[in-house]
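The structure appears right after this line, and notes come after that.
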Amino acid sequence: MPDTDQQLSIPVGDTVVSAAYARPGDPGALVPTVVVAHGAGAGMEHPFLRGFTDALNALGAATLRFNFPYRDAGRKFPDRPPLAIATWRAVMEAAAGYAADHGDTGPLVACGKSFGGRMASMAVAEGMPAAGLVYLGYPLHPPGKPEKLRDEHLYGMTTPMLFLQGSRDTFATAHLLEDVVAKIGPTAVLQWVDGGDHSFAVAGAKRPADEVGASLASPVAEFVRSLR
C-alpha cells in the first residue's frame, strides 16, 4: 500500500465507513479531488480501483475511495439507495474538507464503478454537490433485461457526466446507452472502451486488474481538467 494512502473512518449516521485518501506526489495549485466508489461485488481495495486511483494520483489528482456500509459489515447484498446515497453525501463532505485543509481549489468529482456510480448519480439528482460525475461502467439495465432501464433520474441533471463503457458490457446495450446520453444532452459524454466487458477486460488481451483500472485514469483526468 502506498505511503501516500491515509486510512480514514467517515461517520455515516449511526455507523462509519472505511476510506483511503491519497494525494499526488507533486501537487499543483489546482489539485482536483476524485471520490471513488466500488461496484456491488468488490470493495475499495480491489486491484482495479487501486490501479485506477494510483494512476489518477500520478496524473495530479487527489483521490478518496471508500466502502459502502455493507462491505465493511461483511455483507454481500448492496445497501439500499437511501443508505448508499447518505454514504455518498457524507464521503463527499469529508472529501471537501480534506481538499480545503490542503488548499486544493480544483473540482470535486464523484466517480463510481457500476453500482457506486449509479448511487453517485442518484445522490447528485437529490441535491448532492459535485463538479462532475464519472461512471466506470454504468449499469443501465440488468444483463439480458434491456427493458428494465435505470435512467429516469439522469434527465434534467446539469452536472457534467462522463460515461466510460466497455463495448461488450452486458449491463448497457450500446444503442440504449447512446440514446440515454443523447437525451441527457451536451453535458454528458460517452466514451467507449473497445472490446471491454463490464470489468473493462478485453478478450484476447488479458491484463491484471490494476493495469485495467489504471488504463481508465487518463480519460478521467482529461474530463476532470475540462471542469476547471
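The model shown is predicted, which means the values in this text are computed figures rather than measured ones.
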Query raised in the report: Between E45 and R65, is there a salt bridge with N-O shorter than 4.0 Å?
Result: yes
Report summary line: Here the pair of heavy atoms bringing K113 nearest to S199 is CE-CA, 4.3 Å
Query raised in the report: Aromatic ring centroids of Y21 and H102 under 6.0 Å?
Result: yes
**Report entry** side-chain hydrogen bond (donor to acceptor under 3.5 Å, both in side chains) involving S114 - partner list, sequence neighbours excluded
**Finding:** H198
**Report entry** hydrophobic_cluster_shared for L149 and M122, side chain cutoff 4.5 Å
**Finding:** yes
**Report entry** Closest approach of G60 to V31 (non-hydrogen atoms, all atoms of both residues)
**Finding:** O-CG1, 3.8 Å
Report task. Show your reasoning for whether side chain to side chain contact (heavy atoms under 4.5 Å, CB included) applies to T173 and H141. Result -> CA-CA 8 Å; T173 303; H141 58 73; 2.9 Å; yes
**Report entry** Side-chain heavy atoms of F48 within contact of L216, under 4.5 Å
**Finding:** yes
Query - Over all atoms of both residues, closest heavy-atom pair of L108 and A95 - result: CD1-CB, 3.9 Å
Query raised in the report: Between F171 and V181, is there a shared hydrophobic cluster once you connect ILVMFWY residues whose side-chain heavy atoms come closer than 4.5 Å?
Result: no
Can you list, pair by pair, the side-chain donor-acceptor contacts under 3.5 Å of residues 159-166, counting residues two or more places apart and other chains?
| from | atom 1 | to | atom 2 | distance (Å) |
| --- | --- | --- | --- | --- |
| Q165 | OE1 | Y138 | N | 2.9 |
| Q165 | NE2 | Y138 | O | 3.0 |
| Q165 | NE2 | D169 | OD2 | 2.9 |

**Report entry** Side-chain heavy atoms of M119 within contact of P78, under 4.5 Å
**Finding:** no
Report task. Evaluate the side chain to side chain contact (heavy atoms under 4.5 Å, CB included) criterion for residues V220 and F52: first the C-alpha distance (whole Å), next the side-chain angles of each, then the deciding distance (0.1 Å), finally the verdict. Result -> CA-CA 10 Å; V220 172; F52 176 66; 3.8 Å; yes
Query raised in the report: Between A22 and N57, what is the shortest heavy-atom contact and its length?
Result: CB-OD1, 3.4 Å
Requested in this report: With rounding to the nearest 0.5 Å, note down the distance linking CG in L30 to OG1 in T105.
Outcome: 4.0 Å
Query raised in the report: Looking at side-chain heavy atoms only, is the closest gap between D197 and T170 below 4.5 Å?
Result: no
Query - Shared hydrophobic cluster for V35 and F223 (ILVMFWY, side-chain gaps under 4.5 Å) - result: no
Query - Row check, Y155 ring normal vs K183 NZ/CZ: under 6.0 Å, within 45° - result: yes
Requested in this report: Kindly indicate whether the side chain of V180, heavy atoms from C-beta on, has any atom under 4.5 Å from the side chain of L154.
Outcome: yes
Report task. Test side chain to side chain contact (heavy atoms under 4.5 Å, CB included) on R89 and M128 and set out the steps. Result -> CA-CA 6 Å; R89 285 183 174 275; M128 183 183 79; 4.3 Å; yes
Query raised in the report: Distance from R80 atom CZ to I85 atom CD1, nearest 0.5 Å?
Result: 11.0 Å
Report summary line: Separation between CG (D151) and OG (S121), nearest 0.5 Å, reads 10.5 Å
Query raised in the report: So, T15 side chain and V12 main chain: donor-acceptor pair closer than 3.5 Å or not?
Result: no
Query raised in the report: When you look at CD of E152, are more than 12 heavy atoms from neighbouring residues, nucleotides or ligands closer to it than 6.0 Å?
Result: no
Report task. Check the pair V34, V134 against side chain to side chain contact (heavy atoms under 4.5 Å, CB included), reporting the backbone distance first and the verdict last. Result -> CA-CA 9 Å; V34 182; V134 176; 5.9 Å; no
Query raised in the report: Is the side chain of D210 donor-acceptor paired with the backbone N or O of A214 at a distance under 3.5 Å, no angle test?
Result: no
Query raised in the report: When you look at CG of D194, are more than 12 heavy atoms from neighbouring residues, nucleotides or ligands closer to it than 6.0 Å?
Result: no
Query raised in the report: Quick one: do L56 and V189 end up in the same hydrophobic cluster if we chain Ile, Leu, Val, Met, Phe, Trp and Tyr together by side-chain heavy atoms under 4.5 Å apart?
Result: yes
Report task. Measure the shortest side-chain to side-chain distance between L64 and I10 over non-hydrogen atoms and say whether it is less than 4.5 angstrom. Result -> yes
Query - Nearest-0.5 Å distance that lies between atom CE in M44 and atom CG in N67 - result: 5.0 Å
Requested in this report: Identify the heavy atoms of V224 and P32 that sit nearest to each other, and give their distance.
Outcome: CG1-CB, 3.5 Å
Report task. For residues P129 and M92, determine if any side-chain heavy atom of one lies less than 4.5 Å from a side-chain heavy atom of the other. Result -> no
Report task. Answer yes if F115 and V36 sit in the same cluster of Ile, Leu, Val, Met, Phe, Trp and Tyr residues linked by side chain heavy atoms under 4.5 Å apart, and no otherwise. Result -> no
Query - Distance (rounded to the nearest 0.5 Å) between H46 NE2 and R71 CZ - result: 9.5 Å
Query - Atom pair CG (D72) and CG (D79), whose distance is rounded to the nearest 0.5 Å - result: 9.5 Å
**Report entry** side-chain hydrogen bond (donor to acceptor under 3.5 Å, both in side chains) involving T87 - partner list, sequence neighbours excluded
**Finding:** none
Query raised in the report: Considering all heavy atoms of both residues, which atom of A130 and which atom of V124 are nearest to each other, and what is their separation?
Result: CB-CG2, 4.0 Å
Requested in this report: Using a 4.5 Å cut-off on heavy atoms from C-beta on, say whether the side chain of E178 contacts that of W192.
Outcome: yes
Query raised in the report: Using the ring of each side chain (for Trp, its six-membered ring), is F68 parallel, tilted or perpendicular to F66, with breaks at 30° and 60°?
Result: perpendicular
Requested in this report: Decide if atom CD of E211 counts as having more than 12 heavy atoms of other residues, nucleotides or ligands within a radius under 6.0 Å.
Outcome: yes
Query raised in the report: Heavy-atom distance under 4.5 Å between the side chains of T33 and T63, does that happen here?
Result: no
**Report entry** Polar side-chain atom of R168 near backbone of G195 as donor-acceptor pair, under 3.5 Å
**Finding:** yes
